[in-house]
Amino acid sequence: MDLSIIVPTYNEAPNVAELVRRVAAALDGADGGVRTDAEIIFVDDSTDDTPEVVRLVAEEAPLPVRLIHRTARTGGLGGAVVEGLRAATADACLVMDGDLQHPPEKIPELVARFAEGDVDVVVASRYAGGGTAHGLADRTRVLVSKASTAITKAMFPVRLRDVTDPMTGFFLVSRAAVDLDGLRPRGFKILLEMLVRRPFRVAEVPFDFADRHAGESKASVRQGIHFLAQLAALRFGKMSLFAIIGGLGAVLNVGIVAALTHWGVDYLIAAIVAAEVTIVGNFLLIERFVFSDMRGQASGVWSRFAKSFAFNNAEAVVRIPIVAFMVETGHISAVVATAITLVVAFVVRFVFHSLVVYAPRNASTAGAGREVVRELDEQAVQPGEL
Ligand code: GDD
Ligand code: MN
């Protein structure tokens, strides 16, 4: 098999036969193109009769047509695509919608570009030169699509440098280039997640996003909210969990001070005990939840603990005089000064832990500023979010 075509479907019964017919026609090489050995895998979450229609169409189809019918709609459209990738026979996996908004006649062009062998993914783009998005339902959706594409590209300027349409659902990817276990699909934007999680070599082919053949779009405001959540999780994945643990630590810290002083312990002693307990607790939590994937390659646990412990103590010692300095010379209130230094300390702490405490054993510590930024960018998008 040269090509696995993965089609996620949710109530697309009236589109199945036409899709299979046009895909088969596009691949049979009749108009001078190369014949491609392909299978179609429908990954279906439907509540209508789509599965029965797929089974019927499969009997007559000139190419293998497989059906994966899921009972739980885990991960929605993106989850279905990942399931299809797992089931695919070929390394070259083409993903397309089941409503014919992605013209099957484009497939040979994507295949030919992929066959040049210098890229991991070929993206069919509505926004590359010559592509159009006229199939988007109305002006509001055109606007939403353009704005969200611009925001997304701005949030991942490095990873999405070569991609004009990271939100498209029409692409051909080498399965070997995708870390399937590292994906956390939610909703529509599975290509975006793949591109962000790992560096990909990308080529684009423009296409015309057509009108739906039949039925209606499953896009909704809810999908939009999913998308924003996904964007935040992707960008601030590890960092967000790190922040939550830091927040819990602060609450614990205050709680311990309150309890100890209530029992008559001297304030200073209480503060020190609370700080140390919190530092140890934080370390145990981030070991378990935030950096668990990096422990294997990093130095031993006592060495990690020593670095983390030393950093957090140094941070406390350095931060207090800085707050005092800000309050006295900058005329800002102690609360604002504390808040500012806590935010800065949080970022520095994250940087220190991901680049030093959990640095791979044999790698030399990143020196140049650019390396640090790259490594940090890399760390922040690793799966680890809630
Ligand atoms: N298995 C499965 N599960 N398939 C789904 C689900 C789901 O929960 N939700 C939608 N699909 C299928 C649809 O049946 C269709 O084949 C395809 O995914 C795209 O869904 P549409 O409802 O047609 O969405 P759209 O046309 O609004 O969105 C398309 O354009 C977007 C860019 O504007 C898709 O290509 C998106 O991937 C793309 O981001
Ligand atoms: Mn559609």
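Reckoned from all heavy atoms, side chains included, excluding hydrogens, waters and symmetry mates. Counting starts at 1 for both ligands and their atoms, following the listed order.
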Visitor: Do N15 and E12 have a side chain donor and acceptor closer than 3.5 Å?
Guide: yes
Visitor: Among all protein heavy atoms in this structure, tell me which lies nearest to atom 30 (O) of ligand 1, with the distance rounded to 0.1 Å.
Guide: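 For atom 30 (O) of ligand 1, the nearest protein heavy atom is F209 CZ, 3.7 Å.
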Visitor: For atom 8 (O) of ligand 1, what's the nearest protein heavy-atom neighbour? Residue, atom name and distance, please.
Guide: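 So the nearest neighbour among protein heavy atoms is R73 NE, 2.7 Å.
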Visitor: Quick one: does F170 get a heavy atom under 4.0 Å from ligand 1?
Guide: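 Contact absent.
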Visitor: Could you label the plane-to-plane angle of the F291 and H353 rings as parallel, tilted or perpendicular, counting under 30° as parallel and over 60° as perpendicular?
Guide: parallel
Visitor: Heavy-atom distances under 4.0 Å are what count here, so tell me which part of R126 touches ligand 1: side chain, backbone, both or neither.
Guide: side chain
Visitor: Is it the case that over 12 heavy atoms from other parts of the model lie below 6.0 angstrom from the CD atom of E116?
Guide: yes
Visitor: Show your reasoning for whether side-chain contact (heavy atoms from CB on, under 4.5 Å) applies to F283 and R304.
Guide: CA-CA 9 Å; F283 175 74; R304 298 197 294 272; 4.1 Å; yes
Visitor: Show, in sequence, the C-alpha distance, side-chain angles and deciding distance for V119 and F200, and conclude whether the side-chain contact (heavy atoms from CB on, under 4.5 Å) test is met.
Guide: CA-CA 8 Å; V119 293; F200 274 82; over 6 Å; no
Visitor: Which heavy atom in M167 sits nearest to a heavy atom in T152, and how many Å separate them?
Guide: CE-OG1, 3.5 Å
Visitor: Atom 26 (O) of ligand 1: which protein heavy atom is closest, and how many Å away?
Guide: Q101 OE1, 2.7 Å
Visitor: As an exercise, identify every atom of ligand 1 less than 4.0 angstrom from a heavy atom of G98.
Guide: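 In order of number, 15 (C), 16 (O).
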Visitor: Check ligand 1 against L136 and write out every atom of the ligand that is under 4.0 Å from a heavy-atom position of the residue.
Guide: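 Answer for ligand 1: 33 (O).
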Visitor: Among all protein heavy atoms, pick the one closest to atom 6 (C) of ligand 1 and tell me residue, atom and distance.
Guide: Y10 CB, 3.6 Å
Visitor: Can you spot which of F352, F346, F289 makes a ring pair (Phe, Tyr, Trp, His ring centres under 6.0 Å) with F242?
Guide: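 Testing F242 for a ring pair (Phe, Tyr, Trp, His ring centres under 6.0 Å) against F352, F346, F289 leaves exactly one candidate, F346.
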Visitor: In the protein, what heavy atom is nearest to atom 12 (C) of ligand 1, and what distance, to one decimal place, separates them?
Guide: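 Checked against all protein heavy atoms, atom 12 (C) of ligand 1 sits closest to P8 O, 3.4 Å.
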Visitor: Nearest to atom 19 (C) of ligand 1 by heavy atom, D99, D97, I190: which?
Guide: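 The option holding the nearest heavy atom is D97.
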Visitor: So which heavy atom in the protein is nearest atom 14 (O) of ligand 1, and how far is it from that ligand atom?
Guide: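 The protein heavy atom lying closest is E12 OE2, 2.5 Å.
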Visitor: Is there a side-chain contact between L77 and K189 (heavy atoms, below 4.5 Å)?
Guide: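 No - every pair of side-chain heavy atoms lies 4.5 Å or more apart.
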Visitor: Within this structure, what is the CD1-CE distance for the pair I340 and M326, rounded to the nearest 0.5 Å?
Guide: 4.0 Å
Visitor: Step through the shown structure and confirm whether more than 12 heavy atoms of other residues, nucleotides or ligands are within 6.0 Å of CZ on R222.
Guide: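 For R222, atom CZ is not crowded (no more than 12 foreign heavy atoms under 6.0 Å).
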Visitor: Over 60° means perpendicular and under 30° means parallel, so tell me whether F207 and F170 are parallel, tilted or perpendicular.
Guide: perpendicular
Visitor: In terms of atom number and element, which parts of ligand 1 are under 4.0 angstrom from non-hydrogen atoms of M167?
Guide: 32 (C), 38 (C), 39 (O)
Visitor: Name the closest protein heavy atom to atom 18 (O) of ligand 1, giving the residue it belongs to and the distance to 0.1 Å.
Guide: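 Closest protein heavy atom to atom 18 (O) of ligand 1: L77 CD1, 3.3 Å.
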Visitor: Quick check: are there more than 12 heavy atoms from other residues, nucleotides or ligands sitting under 6.0 Å from NE2 of H262?
Guide: no
Visitor: Quick check on contacts: which atoms of ligand 1 are under 4.0 angstrom from a heavy atom of T9?
Guide: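 Every atom of ligand 1 under 4.0 Å from some heavy atom of T9: 1 (N), 2 (C), 4 (N), 14 (O).
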Visitor: Can you find an N/O atom of S145 closer than 3.5 Å to an N/O atom of ligand 1?
Guide: no
Visitor: Give a yes or no on whether S217 keeps an N, O or S atom under 2.8 Å from the Mn ion (ligand 2).
Guide: no
Visitor: Is a donor from one side chain sitting under 3.5 angstrom from an acceptor on the other, for D44 and H69?
Guide: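 Their side chains do contain a donor-acceptor pair, which is all the 3.5 Å distance test asks for.
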Visitor: If we set the cut-off at 4.0 Å for heavy atoms, which region of K218 has an atom near ligand 1: side chain, backbone, both, or neither?
Guide: both
Visitor: Can you measure from CG (L160) to NZ (K153) and round to the nearest 0.5 angstrom?
Guide: 6.5 Å
Visitor: Is it true that, when you exclude R288 itself, more than 12 heavy atoms of the residues, nucleotides or ligands shown sit nearer than 6.0 Å to its CZ?
Guide: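 Count not over threshold, so no.
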Visitor: Using non-hydrogen atoms of the residue, decide whether R70 is closer than 4.0 angstrom to ligand 1.
Guide: no
Visitor: Please report which non-hydrogen protein atom sits nearest to atom 36 (C) of ligand 1, along with the residue it belongs to and the distance in Å to one decimal place.
Guide: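 Protein heavy atom with the smallest distance to atom 36 (C) of ligand 1: F188 CD2, 3.8 Å.
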Visitor: Mark up the atoms of ligand 1 that fall under 4.0 Å of a heavy atom belonging to S217, in ascending order.
Guide: 22 (O), 24 (O), 25 (P), 27 (O)
Visitor: Within a distance under 4.0 Å of any heavy atom of R141, pick out the atoms of ligand 1 and give their elements.
Guide: 25 (P), 27 (O), 33 (O)
Visitor: Specify which N/O/S atom of D99 comes nearest to the Mn ion (ligand 2), by atom name.
Guide: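 Closest to the Mn ion (ligand 2) among those atoms: OD2.
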Visitor: Counting heavy atoms only, name the option from A133, G169, G79 that's nearest to atom 37 (O) of ligand 1.
Guide: G169
Visitor: Looking at R212, which atoms of ligand 1 are within less than 4.0 Å of one of its heavy atoms?
Guide: 21 (P), 22 (O), 23 (O)
Visitor: Can you list the ligand 1 atoms lying under 4.0 Å from a non-hydrogen atom of A219?
Guide: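 What qualifies from ligand 1 is 22 (O), 27 (O).
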